[in-house]
2 protein chains.
Amino acid sequence: MATERKIDRVKQLLTEYLDQKELRKTPERFAILEEIYQKEGHFDADALYIAMRNRNFRVSKATIYNTLEVLLDCQLIKRHQFGENLALYEKSYGFKQHDHLICADCNKIMEFCDPRVHIIQQMIEGFYNFKITDHSLNFYGKCMNKGCQEKDNVR
Amino acid sequence: MATERKIDRVKQLLTEYLDQKELRKTPERFAILEEIYQKEGHFDADALYIAMRNRNFRVSKATIYNTLEVLLDCQLIKRHQFGENLALYEKSYGFKQHDHLICADCNKIMEFCDPRVHIIQQMIEGFYNFKITDHSLNFYGKCMNKGCQEKDNVR
DNA sequence: ATATTTGCAAAGAGTTTGCATCATA
DNA sequence: TATGATGCAAACTCTTTGCAAATAT
């Protein structure tokens, strides 16, 4: 799906969600959603805040955090804690659940998907009678970059 | 291995590490290590700080954080970010790498181990030419507790 | 009309840092 | 005795909160 059409689709999904929850359809919420769906990769709350200003759409940090919460709740974005204390977000509509490879040296984040994660999930679910709704799998190490593999810093 | 003997063993490992890195063998470092190896489960920096005071061994927060860093570096403990912004730690000597099941309702953390995680790791390592040193796999959902499964709060 | 959402700034939680003092090597 | 470690408090970062003003319904 082209980026344009995807943006229309997620705006529609947000509209439906806000209607259903009887929340208000403010311009801020749609502008933030639009910004997020034009971004690639992971971003933090502050980067989003700066990006909105650069676009000449001024929103407060409070609104950024409030909106991220709304978008998380309707599953249009995902939040990750890759370590450290900085939450990173990414758009999630039209992306299949994926996992991450994180380089301890250059901090590059790569994505992969392995169907066996789901198999493990199902087995665990049955064994512990746990209703699993989500997962995160991160591998930490050194990426293919020669410079990274040579240094001996760790996570 | 009995807890007593395990504590002696990890103290010895810490001694060797400090010698090798030419760091000082301060009483604080050993007392904190001892406290950690008498604990069960996960703890945060503040809980450790309180526990040390209750034991009548006064250390500052700065020393707690400094020591946690040292213990992470010599792999006697592990740090987890299960979501939110609170780092949790756990002792790691004599425990095989394990993964976590986290209840979104009661926040209970359970542990499991599935050998297929390693298989995925090896495949990813080969495919991306990534040298993986560590991983974290968390499943989020509702635990077997009936009260938890009924409520519809999410992560 | 009215209740939610916003913006701002202040508060809060967790962690890190600067510096004088202490103590290990 | 000299350098690394500690304690304390202040600083810092990220996030949340309180409240008055704005605005969606």
Side-chain angles (χ1 to χ4, degrees), chain A residues 11 14-35 42-53 55-74 77-89 107 155, chain B residues 11 14-35 42-53 55-74 77-89 107 155:
Chain A
K11 281 185 178 173
L14 178 58
T15 301
E16 288 165 11
Y17 170 83
L18 295 173
D19 278 339
Q20 179 218 322
K21 292 266 182 174
E22 298 190 299
L23 298 172
R24 292 183 180 173
K25 295 181 271 299
T26 64
E28 288 81 1
R29 286 172 174 166
F30 287 93
I32 290 171
L33 179 66
E34 193 166 320
E35 177 60 35
H42 303 88
F43 58 92
D44 60 38
D46 196 58
L48 182 57
Y49 174 71
I50 303 291
M52 294 303 291
R53 305 214 138 204
R55 236 181 182 254
N56 285 316
F57 194 111
R58 297 197 147 239
V59 282
S60 66
K61 289 271 183 83
T63 300
I64 292 282
Y65 281 104
N66 164 357
T67 303
L68 287 171
E69 214 52 55
V70 168
L71 298 178
L72 280 169
D73 197 53
C74 62
I77 62 174
K78 276 191 70 86
R79 170 161 52 199
H80 302 285
Q81 295 280 154
F82 289 125
E84 313 310 317
N85 296 301
L86 183 61
L88 292 184
Y89 301 83
N107 295 310
R155 167 144 90 113
Chain B
K11 281 184 180 174
L14 178 57
T15 302
E16 287 165 13
Y17 169 83
L18 295 173
D19 278 338
Q20 180 219 321
K21 293 263 183 176
E22 300 192 297
L23 299 172
R24 290 182 182 175
K25 294 180 271 300
T26 65
E28 289 81 0
R29 288 174 172 164
F30 288 92
I32 291 172
L33 179 66
E34 193 166 323
E35 177 60 34
H42 303 89
F43 59 91
D44 60 39
D46 197 58
L48 181 56
Y49 174 72
I50 303 292
M52 294 303 292
R53 306 216 137 201
R55 234 180 183 256
N56 285 316
F57 194 111
R58 297 197 149 237
V59 283
S60 65
K61 290 271 183 83
T63 300
I64 292 284
Y65 282 103
N66 164 358
T67 303
L68 287 172
E69 213 53 53
V70 168
L71 297 178
L72 280 169
D73 197 53
C74 63
I77 62 175
K78 275 189 70 84
R79 170 161 53 198
H80 302 286
Q81 294 280 155
F82 289 125
E84 312 312 315
N85 297 301
L86 184 61
L88 293 183
Y89 300 83
N107 295 311
R155 165 144 90 115

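Chain A is the first sequence line, chain B the second, and so forth, proteins listed ahead of strands; every chain is numbered from 1. All values reported here derive from a predicted model rather than from experimental measurement.
With rounding to whole Å, Asn66(B) atom CG is found 5 Å from dT6(D) atom P. Spacing between atom CG of Asp19(A) and atom C1' of dT4(C) amounts to 15 Å, rounded to whole angstrom units. What separates CG of Leu88(A) from C1' of dC14(D) is a distance of 12 Å, to the nearest Å. Rounding to whole angstrom units, CZ of residue Phe43(B) and P of dT15(C) are separated by 12 Å. The separation between Ile50(B) atom CD1 and dA13(C) atom P is 13 Å, rounded to whole Å. Atom CD1 in Ile64(A) sits roughly 12 Å away from atom P in dT15(D) (whole-Å rounding). Atom CG in Leu68(A) sits roughly 9 Å away from atom P in dT15(D) (whole-Å rounding). Counting to the nearest Å, the P atom of dA23(C) and the CG atom of Leu18(B) are 18 Å from each other.
Lys11(B) forms no cation-pi arrangement with Phe30(B), by the criterion of a distance under 6.0 Å to the ring centre and an angle within 45° of the ring axis.
Annotation for Arg53(A): atom CZ counts as buried by contact number, over 12 foreign heavy atoms lying within 6.0 Å.
Across Lys25(A) and Leu18(A), no two heavy atoms sit closer than the pair CG-CD1, 3.8 Å. The two atoms that bring Ile64(A) and Ala45(A) nearest to each other are CG2-O, 3.8 Å, heavy atoms only. Residues Glu28(A) and Val59(A) share a closest heavy-atom pair of CG-CG1, 3.6 Å.
Phosphate contact (OP1/OP2 of dT6(D), side-chain N/O of Thr26(B), threshold under 4.0 Å): present.
Residues Lys25(B) and Ala45(B) each lie close to DNA chain C; by heavy-atom proximity, the contact nearer the 5' end of the strand is made by Ala45(B). With DNA chain D read from its 5' end, the first of the two nearest nucleotides for Glu22(B) and Arg53(B) is the one closest to Glu22(B). The residue among Arg29(A) and Ala87(B) whose nearest nucleotide of DNA chain C lies closer to the 5′ end is Arg29(A). When each of Tyr65(A) and Thr63(B) is assigned the nucleotide of DNA chain D with its nearest heavy atom, Thr63(B) is the one assigned upstream, toward the 5' end.
No contact: Asp46(A) has no heavy atom under 4.0 Å from any strand.
Among the nucleotides dC14(D), dA24(D), dC8(C), the one closest to the side chain of Ala62(A) is dC8(C). Distance from the side chain of Arg24(B) is smallest to dA5(D) among dG7(D), dA5(D), dT15(C).
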